[in-house]
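Values in this document were obtained by computation on a predicted structure and should not be read as measured data. In what follows, chains are A, B, ... by sequence order, proteins preceding strands, each numbered from 1.
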There are 2 protein chains.
Amino acid sequence: MNDGSPPTGLPQTVTVQLGTLGALVADRFAKQIEAYGLKPKHVALLIALSHGVAASQQELAGKLAVVPSLVVALADRLEQCGAITRVRDPTDRRRQVLALTGEGARLLARCETAARAIDDELLAALSAPERAALRHALRVLAEQADPKTSLH
Amino acid sequence: MNDGSPPTGLPQTVTVQLGTLGALVADRFAKQIEAYGLKPKHVALLIALSHGVAASQQELAGKLAVVPSLVVALADRLEQCGAITRVRDPTDRRRQVLALTGEGARLLARCETAARAIDDELLAALSAPERAALRHALRVLAEQADPKTSLH
DNA sequence: TATTGTTATACTCTATAACTATA
DNA sequence: TATAGTTATAGAGTATAACAATA
């Protein structure tokens, strides 16, 4: 264009910048964790299990804001690589109760290492107080968004 | 788990928080702009056109970090709704030169309004200085990431 | 009859590969 | 022969819908 009309301010919005940076770091993170045979959604499931206690697949589908049939596929993979256990609830044999294993916790720790490396690279351009301010703001926004939190 | 092992620090990393929030705002933004018949990638193409001058589809594929065949589909849609023009370069008739129209600029303005509304809602939980600090940090990170910037 | 998990299927987004036309 | 764009096809990721087991 460049015909004198005001340039769009869209790229300066937090919405677009968060969307762009989010996609960027998500791609980097996905690249790193594929060495462990995991996708971001697998990690989201592991995180959910590491927080609360063991949970049914329906409960997890709610927490991850995905459909139950997707939890089946994610859990299949995680069970296959030994990251979770999957046992029928004796009191209600319809329910599959998932729980993190030691191997799952180790995988999660490796993912955390990968994430921290991406953090360090990304935040290198900021001063220490700028980094602290960003972390604070993200923490506030993340917990306000939390009800349905997932990785894309 | 909750067996005494340390809980994962993954959700506190900037990587995971940016990824999560980015997906959240991207979804909200996508929801808003579908009223205009646009997807985030369409907006990304319009933004690219509003910045530089008219550009060939190959150049745009480079800027958006997508494959040329995707630019075809995006441009088809944008041309169809009158947001861009698409003319053969007379000096090299292989090239299609895309340019933003007045209607495209108007669409972009509506998208900006939608993004600012999401910004306002999201940032309501932060104080004015916290908002300023976040905007500053995101601006720095966004421009450092910029080479291949897109919306997911 | 309602609910949990599963399977089968379809849809969206995007990439790869083959093709056309210009150069 | 090489390049811009296009078309056809395929793959990843996820949802919807039908189904089986259990309540």
Practice task
Check whether any side-chain heavy atom of A:R139 lies under 4.5 Å from a side-chain heavy atom of B:Q12, and answer yes or no.
Solution key: no

Exercise for the section: Give the nucleotide from the list D:dA21, C:dA15, C:dT6 with an atom nearest to the side chain of A:R94. Expected result: D:dA21

Handout entry: Carboxylate-amine/guanidinium contact B:R86 B:D76, below 4.0 Å
Key = yes

Exercise for the section: Take atom CG of B:L98 and atom C1' of D:dA4, then tell me their distance rounded to the nearest Å. Expected result: 12 Å

Exercise for the section: Kindly point out which of D:dA15, C:dG5, D:dG5 is positioned nearest to the side chain of A:Q57? Expected result: C:dG5

Handout entry: 4.5 Å side-chain heavy-atom contact, B:L108 and B:L100
Key = yes

Handout entry: A:R86 side chain near C:dT6 phosphate (N/O to OP1/OP2, under 4.0 Å)
Key = yes

Practice task
Measure the distance from NZ on B:K39 to C1' on C:dC11 and round it to the nearest whole Å.
Solution key: 11 Å

Completion exercise
Closest of C:dT22, C:dT6, D:dG5 to the A:R88 side chain is C:dT6

Exercise for the section: Figure out the CD/C1' separation between A:Q96 and C:dT3, and round it to whole Å. Expected result: 14 Å

Practice task
Could you tell me the separation between the CG atom of A:D27 and the C1' atom of C:dT14, rounded to a whole number of Å?
Solution key: 12 Å

Problem - N/O donor-acceptor pair, side chain A:R95 with base C:dT4, under 3.5 angstrom - result: no

Practice task
Please determine if A:E59 and A:R95 form a salt bridge, counting it only when a charged side-chain N lies under 4.0 Å from a carboxylate O.
Solution key: yes

Handout entry: N/O (side chain, A:K41) to phosphate O (OP1/OP2, D:dT14) under 4.0 Å
Key = yes

Practice task
Map A:D76 and A:D92 onto DNA chain C by nearest heavy atom, then report which one ends up closer to the 5' terminus.
Solution key: A:D92

Completion exercise
Rounded to whole Å, CD of A:E59 lies from P of C:dT3 at a distance of 15 Å

Problem - D:dT22 phosphate, OP1 or OP2, under 4.0 Å from A:R93 side-chain N/O - result: yes

Exercise for the section: Would you mind telling me which residue lines up with the more 5' stretch of DNA chain D, A:L70 or A:T91, judged by nearest nucleotide? Expected result: A:L70

Handout entry: A:I84 CD1 to C:dG5 P, straight-line distance once rounded to whole Å
Key = 12 Å

Practice task
When you get a sec, tell me which of C:dT4, D:dT7, D:dA15 is the closest nucleotide to the side chain of A:Q58?
Solution key: C:dT4

Exercise for the section: Report yes if the side chains of A:L18 and B:L122 come closer than 4.5 Å at any heavy-atom pair, otherwise no. Expected result: yes

Exercise for the section: Grab the CG-P distance between A:L45 and C:dG5 for me, whole Å please. Expected result: 12 Å

Problem - Presence of donor-acceptor pair under 3.5 Å, side chain of A:S69 and base of D:dT16 - result: yes

Problem - Length of the CG-P vector between A:D89 and C:dT3, whole Å - result: 17 Å

